[in-house]
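As the structure lists them, so they are numbered: ligands from 1, and atoms in each ligand from 1. Just so it is clear, the values below take in all heavy atoms, side chains as well, and ignore hydrogens, waters and symmetry mates.
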Amino acid sequence: MKPQVLTIAGSDSGGGAGIQADLKTFQELGVFGTSVLTAITAQNTLGVHGIEAISTEMITRQIDAVADDFSITACKTGMLVDAERIEAVAKALERYRFEHVVVDPVMVAKGGASLLQVSAVEALRTKLLPQATIVTPNIPEAEVLAGMEIRTEADRMKAAQVIRAIGVDIVIIKGGHSNDVEAVDLIVTESEAFRVKAPRIQTKDTHGTGCTFSAALTAELAYGKTLRQAVVDAKRFIHQAIAHGLSIGQGHGPTNHWGHRLAKGEQITIDVMYETSTR
Ligand SMILES: Nc1ncnc2c1ncn2[C@@H]1O[C@H](COP(=O)(O)OP(=O)(O)O)[C@@H](O)[C@H]1O
Ligand SMILES: Cc1ncc(COP(=O)(O)OP(=O)(O)O)c(N)n1
């Protein structure tokens, strides 16, 4: 049976992030994607021009409709708007206990618009993270979740440990926002820590990279891959999506979700480096 997966996220009318990025990624990776909308954004590559949230009742009904019929093995969350919606999603996740729950703690869009109320961070920490098997913050999101600044690699490791202590097994702090010459993501579990590294591509067209990466990870986990293999394959997918960018829109353009098809035969090196200590 084909893996069936679920995304609980907001709509991006511009098609590069949110539900649209997730479903395109699921389709490209050959898993069957279902979706629960939490909000509609009027958005393009220049910014977010409006947000309308979906009622908590309707969010719950969508999750129930999907979970009662499909065999969802992996689920991801994206834009959740506020504490009320986080609580509704957390309750549903507690009911269904999907094998893999990837929480992408979306807070601020690339153009600076807020996609999560500041007052909702506590609900994210205390209600949603305990339902997650993996959380995938970028560096600014990890700073908020851990309540500390991240300047060095040691800070990143410390922040991952602080976030794990909130009650989530696996923390992936993505490196898109760092100044490193390579794009390095740090993965920390109870028993191991490793970094996954790929060349950084010089481009402004990175709208939706976080959504696309977490959707690819969700799809790879749904295939039953190990954490390491799922992260490496998701990293390759996002790298190829950025590398084969479309140069569309006037601002931060979207990634190309079919980049992996154009990249057939291209060599890219994804390095995995294990840390000797997880502390
Ligand atoms: N310019 C880039 N070149 C290569 N990989 C990138 C680039 N920007 C981001 N990535 C990768 O894309 C994924 C998403 O990361 P990031 O951009 O930090 O997330 P977000 O969109 O949530 O801010 C990570 O694997 C990161 O390393
Ligand atoms: C509807 C919606 N959801 C999420 C985001 C943020 O997506 P992300 O992948 O973090 O990409 P950037 O906004 O950083 O480009 C969004 N913009 N819209």
Side-chain angles (χ1 to χ4, degrees), residues 7-25 35-54 76-81 102-116 135-145 150 156 172-187 195-217 230-245 249 251-255 257 259 268-271:
T7 169
I8 304 173
S11 163
D12 167 10
S13 52
I19 284 275
Q20 288 80 0
D22 294 345
L23 289 176
K24 288 174 192 182
T25 302
S35 57
V36 165
L37 268 194
T38 57
I40 299 171
T41 70
Q43 189 175 172
N44 56 25
T45 63
L46 295 168
V48 177
H49 305 281
I51 297 178
E52 216 165 277
I54 304 293
K76 68 151 281 190
T77 69
M79 175 184 179
L80 295 176
V81 188
V102 178
V103 168
D104 182 7
V106 171
M107 293 181 188
V108 178
K110 204 133 277 151
S114 171
L115 301 177
L116 181 75
V135 61
T136 62
N138 59 28
I139 289 174
E141 290 159 353
E143 290 183 322
V144 171
L145 290 176
I150 301 178
R156 226 206 282 199
I172 301 180
I173 303 186
K174 301 167 296 187
H177 293 246
S178 88
N179 297 320
D180 298 345
V181 281
E182 285 167 306
V184 185
D185 303 336
L186 171 69
I187 296 90
R195 290 186 162 78
V196 176
K197 221 185 191 194
R200 182 176 295 276
I201 298 153
Q202 292 311 322
T203 174
K204 67 176 182 17
D205 293 343
T206 54
H207 175 53
T209 47
C211 302
T212 302
F213 173 77
S214 57
L217 181 63
V231 173
V232 168
D233 290 349
K235 181 80 172 163
R236 184 177 302 105
F237 186 87
I238 185 60
H239 182 90
Q240 292 166 333
I242 301 170
H244 290 273
H252 288 292
T255 70
H257 294 94
I268 72 148
T269 309
I270 311 263
D271 288 323

Atom indices of ligand 1 within 4.0 angstrom of Ile201 heavy atoms, with elements:
1 (N), 2 (C), 3 (N), 4 (C)
Please find the pair of heavy atoms, one from Asp205 and one from Gly251, that lie closest to each other, and give the distance.
OD1-O, 3.7 Å
What is the closest protein heavy atom to atom 17 (O) of ligand 1, and at what distance does it sit?
Thr209 OG1, 2.9 Å
Output yes when the distance from some N or O of ligand 1 to some N or O of Arg200 is under 3.5 Å, and no in every other case.
no
Starting from atom 17 (N) of ligand 2, what is the nearest protein heavy atom, named by residue and atom, and what distance separates them?
Gln43 OE1, 2.8 Å
Of all protein heavy atoms, the one nearest atom 18 (O) of ligand 1 is Gly176 N, 3.0 Å
If every non-hydrogen atom of Ile172 is compared with every non-hydrogen atom of Pro137, which pair is closest and at what distance?
O-CD, 3.2 Å
Close approach, Thr206 and ligand 2, non-hydrogen under 4.0 angstrom
yes
Taking distance alone, with no angle check, do Lys235 and ligand 1 share an N/O pair under 3.5 Å?
yes
Compute the shortest N/O to N/O distance between Gly210 and ligand 2 and return yes if it is under 3.5 Å, no if not.
yes
The single option from Asp104, Thr136, Thr25 passing side chain to side chain contact (heavy atoms under 4.5 Å, CB included) against Leu217
Thr136
Have a look at ligand 1 and work out which part of Pro199, if any, has a heavy atom under 4.0 Å from it: side chain, backbone, both or neither.
backbone
Cys211 vs Lys76, test: side chain to side chain contact (heavy atoms under 4.5 Å, CB included). Steps then yes/no.
CA-CA 9 Å; Cys211 302; Lys76 68 151 281 190; 4.2 Å; yes
Atoms of ligand 1 under 4.0 Å from any heavy atom of His177, numbered from 1 in the order shown, are 18 (O), 23 (O)
Spacing of NZ belonging to Lys197 relative to CD1 belonging to Ile270, to within rounding of 0.5 Å:
12.0 Å
Please confirm whether Ala9 approaches ligand 2 to less than 4.0 Å, judged on its heavy atoms.
no
I'd like to check Asp22 versus Ser35 (side-chain heavy atoms, cut-off strictly below 4.5 Å). Are they in contact?
no
Is any side-chain heavy atom of Thr38 closer than 4.5 Å to a side-chain heavy atom of Ile8?
yes
More than 12 heavy atoms of other residues, nucleotides or ligands under 6.0 Å from CD of Glu182: is that the case?
yes
Provide, to 0.1 Å, the distance between atom 12 (O) of ligand 1 and the closest protein heavy atom, together with that atom's residue and name.
Ile238 CG1, 3.6 Å
Below 3.5 Å, N or O to N or O, backbone or side chain included: is there any such pair between Gly210 and ligand 1?
yes
Residue and atom name of the nearest protein heavy atom (relative to atom 7 (C) of ligand 1), distance in Å to one decimal
Ile242 CD1, 3.6 Å
How does Asp185 reach ligand 1, if at all, at less than 4.0 Å between non-hydrogen atoms: by side chain, backbone, both, or neither?
side chain
List the atom of Asn138, the atom of Pro140, and the distance in Å for their closest heavy-atom pair.
OD1-CD, 3.1 Å
At a non-hydrogen distance cut-off of under 4.0 Å, which region of Asp104 contacts ligand 1 (side chain, backbone, both, or neither)?
neither
Atom 22 (O) of ligand 1: closest protein heavy atom, distance to 0.1 Å, is Lys174 NZ, 2.8 Å
Validation row: Thr209, Lys110 side chains within 4.5 angstrom (heavy atoms)
yes
Check each atom of ligand 2 against the heavy atoms of Ala109 and keep those under 4.0 Å away; list them by number with element.
13 (O), 17 (N)
Any N/O of Ala183 closer than 3.5 Å to an N/O of ligand 1?
no
Listed partners of Asp185 passing salt bridge (charged side-chain N to carboxylate O under 4.0 Å, His left out), at least two apart
Lys235
Proximity flag His252 to ligand 2, non-hydrogen atoms under 4.0 Å
no
What residue and atom, counting heavy atoms only, is the protein's closest point to atom 4 (C) of ligand 2, and at what distance?
Cys211 SG, 3.6 Å
Check whether any side-chain heavy atom of Thr269 sits under 4.5 Å from a side-chain heavy atom of Pro199, and report yes or no.
no
How close do His207 and Gln43 get, counting heavy atoms only, and between which atoms?
CE1-OE1, 3.3 Å
For atom 13 (O) of ligand 2, what is the closest protein heavy atom, and at what distance to 0.1 Å?
Lys110 N, 3.0 Å
For ligand 2 and His207, I'd like to know whether there is a polar contact (N/O to N/O, distance under 3.5 Å).
yes
Distance-minimising heavy-atom pair for Asp12 and Gln20
N-OE1, 2.7 Å
Within the side chain of Arg200, is there an N or O that forms a donor-acceptor pair under 3.5 Å with the backbone of Asp180?
yes
Does ligand 2 have an atom that lies less than 4.0 angstrom from a heavy atom of Gly208?
yes
Looking only at distances, can you tell me whether any N or O atom of His239, backbone or side chain, sits closer than 3.5 Å to an N or O atom of ligand 1?
no
Using a 4.0 Å cutoff against the non-hydrogen atoms of Ser11, which atoms of ligand 2 qualify?
1 (C)
What do we get for Asn138 next to ligand 2 when only non-hydrogen atoms under 4.0 Å count, side chain, backbone, both or neither?
neither
Could you tell me the separation between the CZ atom of Arg195 and the CG atom of Leu186, rounded to the nearest 0.5 Å?
5.0 Å
Protein contact to atom 5 (C) of ligand 2 [nearest heavy atom, distance to 0.1 Å]:
Leu115 CD1, 3.5 Å
Are any of the N/O atoms in Thr203 less than 3.5 Å from those in ligand 1?
no
Heavy-atom side-chain proximity of Met107 to Leu145 below 4.5 angstrom:
yes
